[in-house]
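These numbers were taken from a predicted model, which means no experiment stands behind them.
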Amino acid sequence: MFRHSKVFITKLKNLSLQGSWRSRGSSAVERALQYTAGQKLHGFTVKEVTAVPDLFLTAVKLSHDATGAQYLHAARDDSNNLFSVQFRTTPMDSTGVPHILEHTVLCGSQRFPCRDPFFKMLNRSLSTFMNAFTASDYTMYPFSTQNAKDFQNLLSVYLDAVFFPCLRELDFWQEGWRLEHETPTDPSSRLVFKGVVFNEMKGVFSDNERLYAQHLQNKLLPDHTYSVVSGGEPLAIPDLTWEQLKHFHATHYHPSNARFFTYGDLPLEQHLQQIEEEALSKFERTEPNTAVPPQTHWDKPRVDHVTCRPDALAPDPIKQNTLCMSYLLGDITDTFEAFILSLLSSLMISGPNSPFYKALIEPEIGSDFSSSVGFDGSTRQASFTIGLQGMAEDDTETVKHIIAQTIDDIIATGFEEEQIEALLHKIEIQMKHQSTSFGLALASYIASCWNHDGDPVQLLKISENVSRFRQCLKENPRYLQDKIQHYFKDNAHRLTLTMSPDERFLEKQAEAEEQKLQQKIQNLSDADHKDIYEKGLQLLAAQSTTQDASCLPALKVSDIEPIIPYTPVQPGTAGGVPVQYCEQPTNGMVYFRAMCNLNSLPEDLKIYVPLFCSVITNPRFDDEQRLRVLVMMSAQELSNGISYSGHMYAMTRAARTLTPTADLQEAFSGMDQVRFMKRIAEMTDLTSVLRKLPRIKRHLLNPENMRCAVNATPQKMSEAAGEVERFIGNIAANRKERKPVRPTVRSHRSPSSSCQEPHFKPCQMKTYFQLPFNVNFVSECVRAVPFTHTDYASLCILARMMTAKFLHGEIREKGGAYGGGARMGGGGLFSFYSYRDPNSTQTLSAFRGGVEWARAGKFTQQDIDEAKLSVFSAVDAPVAPSDKGLGRFLNGITDEMKQRYRERLFAVTDKNLIDVAGRYLGVGQQTCGVAILGPENESIRKDPSWVVK
């Protein structure tokens with residue numbers, strides 16, 4: 001998976017340094033404190049042992065004696081153990097070699113030579129996370145699991161994949177790029193470019209913000225690896241050869257260029273022994289030439305311009321320009337300086353009281369900050385970017401002037417003490433908050449600094465940095481202003497990058513791709529043409545062959561716990577409102593949620609609810625300027641999100657006509673909401689919208705329509721209950737006496753209610769959204785059964801099995817889409833989907849093919865068992881203390897219901913699967929909906945059965 005640095009690296013303020021920590025003694029933490037510097041362990045030497053009380057962990061730093069491989073272990077009493085290995089990968093061209101290599105190493109290795117062991121392990125394991133990421137200057141392979149045997153199995157597969165991959169030419173063609181006939185079995189069909197990464201990157205750069213962020217990095221840091229596209233520029237990808245791929249692996253995927261990270265409560269020595277025996281003992285030290293030299297500082301600022309596709313859903317069609325100023329800062333290995341710069345960034349741009357929000361957002365010059373705005377510590381030298389998207393070209397000079405003036409103002413007046421304290425308090429709260437994926441957050445947080453030989457342990461000492469910052473501020477009250485002067489006012493290494501839409505942008509892209517294709521074809525001899533045809537058939541045959549995966553390790557269904565852990569909750573009331581209290585080890589934090597029933601809300605107000613939710617914290621509902629800012633920001637964010645989450649929009653739209661819940665979901669978060677917010681953003685007078693918000697408030701903020709939930713420690717519970725009582729009392733006191741619109745429903749909604757609304761009539765609908773993309777997002781949804789139905793478990797197993805054993809091969813391997821599959825949702829819908837897909841209606845045929853495959857019973861008991869393991873890995877995913885009991889609170893799903901569902905999962909047989917495939921998914925059996933988001937499609941436009949938007 002390609003992650004642009006800005007997206008992939010979690011900024012300090014968003015890290016939420018947390019974990020699924022449980023108060024059961026500190027055995028793992030204490031065990032790790034027993035290690036001493038200089039101690040020898042399985043070919044490694046301990047370099048440093050550090051207690052990190054802020055994060056309830058002990059950090060053990062080691063190095064491998066023979067190869068110099070670096071190792072960090074974070075011992076913590078968390079059963080969700082994580083492993084990660086990362087390599088510094090510094091390409092010098094935009095062929096996407098590190099990204100294609102990341103895909104290809106996961107396609108088979110010496111010990112596990114079957115095709116695609118990575119995807120097969122998803123169904124042979126209880127992993128809570130498995131993936132791989134290509135950043136600008138490193139590639140990371142992380143996994144996590146709560147099962148010790150599973151950890152060893154996955155570690156074996158990951159180690160063999162990265163150090164001893166097969167790197168077969170067939171896999172390079174499939175994952176990277178290839179020339180192939182449009183229909184591989186028809187040599188008279190035209191030759192086209194195909195490949196998973198090729199299509200993925202076309203999808204990535206159909207997102208204007210991603211395109212802009214990539215240009216910004218390339219142009220701000222032009223001297224070395226940051227000047228190229230590590231994920232691959234679509235038109236450069238076909239220049240990569242198989243030989244170059246193998247050479248890149250040989251020079252970069254070596255233990256001397258590796259950093260290993262493990263986290264959790266499993267014993268360190270067991271990890272070290274396995275890593276030494278299965279991988280490192282087979283290598284000797286090398287001197288990898290992968291270091292990134294510092295970027296030479298410019299002696300004067302630079303200006304540049306790029307173009308993008310027009311956005312048909314932009315809040316204001318004539319305001320589609322972006323302008324940012326980006327400043328090169330200091331080296332990220334200076335962890336305290338990076339911490340200060342991250343704080344500065346938050347103070348300058350976060351929240352409506354920050355200087356740049358007031359200067360750039362409030363005057364409504366643009367729709368929102370550019371998504372590149374803020375501190376970026378993912379490259380060797382950090383950067384800070386400030387600017388707007390959704391602005392008019394005429395405002396370019398105005399925005400430049402405002403940015404310069406705001407920097408001068410900050411230097412003159414500094415920041416309010418309350419702002420600084422609020423930010424430090426936020427960091428303190430984030431350190432106390434606990435999530436279930438802390439290991440992964442930690443691996444991502446330290447990755448960049450460690451990648452450039454910074455000290456990852458120093459990065460974890462958050463409290464120490466806060467104390468040192470307070471001391472600096474005490475000694476010099478102008479400390480932050482001096483930093484602004486140095487890094488912004490006096491910094492010549494500043495890039496001003498503008499982006500504007502070009503009506504012919506996609507046309508030019510298509511022309512350039514066609515030109516590249518013809519250039520490749522012109523050089524082909526008759527023998528080459530024959531070879532391409534034969535290789536296409538060879539790849540198709542390999543993709544169609546059932547793989548023997550018996551070489552891969554696997555857990556058994558019998559390894560799964562038969563009974564779920566019980567979560568006790570106490571029902572109560574506050575001011576007549578039902579409250580669910582759940583005592584949990586929340587580290588002193590109190591988590592409060594209130595749920596408001598929509599039953600009494602008039603239909604015409606429902607589509608306004610998301611907007612109401614974004615303004616609810618604003619005390620005044622009559623502030624039209626503030627509302628306009630929020631509307632523009634919301635409309636821009638929705639528009640930007642379609643190219644990244646197109647499959648979710650397709651599934652939401654496909655489901656719309658099938659259940660009342662899905663209909664509401666489309667209004668709240670689907671294409672209907674995107675288009676609605678665009679219409680609101682285009683309104684010159686928002687008075688009518690302002691009048692609707694208090695009406696929504698009267699319906700929703702009504703004690704008769706509410707229920708609440710509180711998760712806290714036993715010591716905090718009585719205090720929390722008192723606060724809830726006061727909160728409900730305040731709401732009741734603020735309400736004016738009025739006649740209720742209609743009787744309201746106070747009880748939990750039944751988990752089966754979404755399919756049983758008496759007034760809702762399901763109907764079939766096929767919708768096509770023509771958008772300026774060069775890939776498709778395809779979905780088909782079928783109305784099935786709710787969570788409590790006896791067939792629900794069988795449909796869940798079927799969806800997972802169909803994805804792994806049929807749809808993955810058809811949609812990704814043969815079709816070239818980045819992803820695709822099927823899922824059974826709690827709302828009673830069975831959904832098929834594809835993601836960044838070069839095909840449209842052909843994928844709908846693949847969905848139908850999956851159903852026929854299942855109905856014909858073309859699967860084995862092993863396939864069923866693997867699907868069960870995969871479903872249980874999701875069912876048994878760790879739940880944070882703050883979220884315990886939420887299933888009961890939100891959906892009325894009790895532990896008893898979960899246990900019955902669990903027993904049904906265990907009991908699913910091949911006959912059940914064949915039965916539900918025919919009964920629910922067979923043609924004409926149930927009502928279904930279809931939706932596609934994609935580029936212009938002539939055959940669909942001419943087909944009267946489609947509604948084209």
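- Applying the ring-ring contact (aromatic ring centres under 6.0 Å, His included) criterion to F777, with sequence neighbours excluded, gives Y835.
- Under the rule for a ring-ring contact (aromatic ring centres under 6.0 Å, His included), F118 has no partner lying at least two apart in sequence or in another chain.
- Taken from CG in D910 to CD in Q861, the straight-line distance is 6.5 Å, to the nearest 0.5 Å.
- Evaluation of the side chain to side chain contact (heavy atoms under 4.5 Å, CB included) rule for E513 yields F193, F198, K202, L235 as partners, not counting sequence neighbours.
- Under the 4.5 Å side-chain criterion, counting only non-hydrogen atoms from C-beta, Q174 is not in contact with K814.
- The two residues Q770 and P935 make their nearest non-hydrogen contact at CG-C, 4.2 Å.
- Using a 30° and 60° split on the angle between ring planes, Y141 and Y158 fall in the perpendicular class, above 60°.
- Two residues are said to be in side-chain contact when any heavy atoms from C-beta on lie closer than 4.5 Å; L844 and I932 meet this criterion.
- Taking both residues in full, the closest heavy atoms of I532 and L179 are given as CG2-O, 3.4 Å, listed atom of the first, atom of the second, then distance.
- Between I914 and A854, the shortest heavy-atom contact is CG1-O, 3.7 Å.
- Between the N523 side chain and the Q519 main chain, a donor and an acceptor come within less than 3.5 Å of each other.
- A search for ring-ring contact (aromatic ring centres under 6.0 Å, His included) contacts involving F773 returns nothing, not counting sequence neighbours.
- Using a cutoff of 4.0 Å between basic side-chain nitrogens and carboxylate oxygens, D116 and R812 are not scored as salt-bridged.
- Looking only at side-chain heavy atoms (C-beta outward), H99 and L101 stay at 4.5 Å or farther from each other.
- Note: I864 CD1 to N123 CG = 13.0 Å, rounded to the nearest 0.5 Å.
- Closest approach of T145 to S127, counting heavy atoms only: CB-CA, 4.0 Å.
- The backbone N or O of R941 lies less than 3.5 Å from no partner atom in the side chain of W946, so there is not a single donor-acceptor pair.
- With sequence neighbours excluded, no residue forms a ring-ring contact (aromatic ring centres under 6.0 Å, His included) with F112.
- Checking side-chain atoms of S109 against main-chain N and O of P165 turns up no donor-acceptor pair under 3.5 Å.
- By the neighbour-count criterion of 12 heavy atoms within 6.0 Å, atom CD of E511 is densely surrounded, having more than that number from other residues, nucleotides or ligands.
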**Request:** With salt bridge (charged side-chain N to carboxylate O under 4.0 Å, His left out) as the test, would you mind laying out the steps for K194 and E175 before giving the verdict?
**Result:** CA-CA 9 Å; K194 294 184 182 178; E175 296 299 316; over 6 Å; no
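- In terms of modelled atom types and a separation under 3.5 Å, the side chain of R178 and the main chain of W173 share a donor-acceptor contact.
- Judged purely by atom type and a 3.5 angstrom limit, T241 uses its side chain to pair as donor or acceptor with the backbone of Q244.
- In this structure, F87 has its ring center at least 6.0 angstrom away from the ring center of Y138.
- Between R115 and E813 there is a salt bridge, since at least one side-chain N of the basic residue sits less than 4.0 Å from a carboxylate O of the acidic one.
- Atoms CG and OG, on D837 and S779 in that order, are 12.0 Å from each other to the nearest 0.5 Å.
- In this structure R168 satisfies the side chain to side chain donor-acceptor pair (under 3.5 Å) test together with D171, sequence neighbours excluded.
- Cation-pi geometry between R653 and F769 is not met at under 6.0 angstrom from the ring centre and within 45 degrees of the axis.
- F806 and F859 have their aromatic ring centers separated by at least 6.0 angstrom.
- Contact check on D531 versus K535 returns a salt bridge, with a Lys/Arg side-chain nitrogen under 4.0 Å from an Asp/Glu carboxylate oxygen.
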**Request:** Go through the steps to decide whether N776 and L933 satisfy the test side chain to side chain contact (heavy atoms under 4.5 Å, CB included), and finish with yes or no.
**Result:** CA-CA 6 Å; N776 297 278; L933 278 64; over 6 Å; no
**Request:** Starting from the C-alpha separation in whole Å, work towards a yes-or-no answer on ring-ring contact (aromatic ring centres under 6.0 Å, His included) for F832 and F830.
**Result:** CA-CA 7 Å; F832 297 92; F830 191 99; 5.2 Å; yes
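- At a threshold of 4.0 Å, the pair R848-E852 does not count as salt-bridged, since none of the basic side-chain nitrogens sits closer than that to a carboxylate oxygen.
- In this structure, the side chain of T128 engages the main chain of S144 through a donor-acceptor pair within 3.5 Å.
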**Message:** Between D239 and K516, does the salt bridge (charged side-chain N to carboxylate O under 4.0 Å, His left out) criterion hold? Intermediate values first, please.
**Reply:** CA-CA 10 Å; D239 295 331; K516 183 84 174 181; 2.8 Å; yes
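- Checked against a 6.0 Å centroid threshold, the rings of Y901 and F787 count as neighbours.
- Checked by atom type and distance alone, the side chain of D548 pairs as donor or acceptor with a backbone atom of S550 at under 3.5 Å.
- Of all the heavy atoms in P184 and G536, the pair that sits closest is CB-O, 4.5 Å.
- Minimum interatomic distance between L795 and A784 (heavy atoms only, all atoms of both residues): CD1-CB, 3.9 Å.
- Evaluation of the side chain to side chain donor-acceptor pair (under 3.5 Å) rule for S84 yields no partner, not counting sequence neighbours.
- Remark: N147 pairs with no residue by the side chain to side chain donor-acceptor pair (under 3.5 Å) rule, at least two apart or across chains.
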**Request:** Would you please test K868 and I797 for side chain to side chain contact (heavy atoms under 4.5 Å, CB included) and show each step?
**Result:** CA-CA 6 Å; K868 286 183 180 180; I797 300 293; 3.6 Å; yes
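- In this structure, the salt bridge (charged side-chain N to carboxylate O under 4.0 Å, His left out) partners of R919, at least two apart in sequence or on a different chain, are D791, D915.
- For D160, the salt bridge (charged side-chain N to carboxylate O under 4.0 Å, His left out) criterion is met by no residue, not counting sequence neighbours.
- Within the 3.5 Å criterion, the main-chain N or O of A541 finds no donor-acceptor partner in the side chain of S544.
- Listed by chain and residue number, T251 satisfy the side chain to side chain contact (heavy atoms under 4.5 Å, CB included) test with H247 (two or more places apart in sequence, or in another chain).
- A donor-acceptor pair is defined here as one N or O able to donate and one able to accept, closer than 3.5 Å; no such pair exists between the side chain of Q214 and the backbone of L211.
- Not counting sequence neighbours, Q86 has no partner by the side chain to side chain donor-acceptor pair (under 3.5 Å) test.
- Interatomic distance, OG of S870 versus CE of M121, reported as 11.5 Å (0.5 Å rounding).
- From F143, atom CZ reaches atom CG of N153 across 9.0 Å, with rounding to the nearest 0.5 Å.
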**Asked** Could you walk me through whether E866 and K805 pass the salt bridge (charged side-chain N to carboxylate O under 4.0 Å, His left out) check?
**Response** CA-CA 10 Å; E866 288 182 8; K805 301 299 174 184; 2.9 Å; yes
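- Here the CD-OG distance, from E180 to S189, works out to 9.0 Å after rounding to the nearest 0.5 Å.
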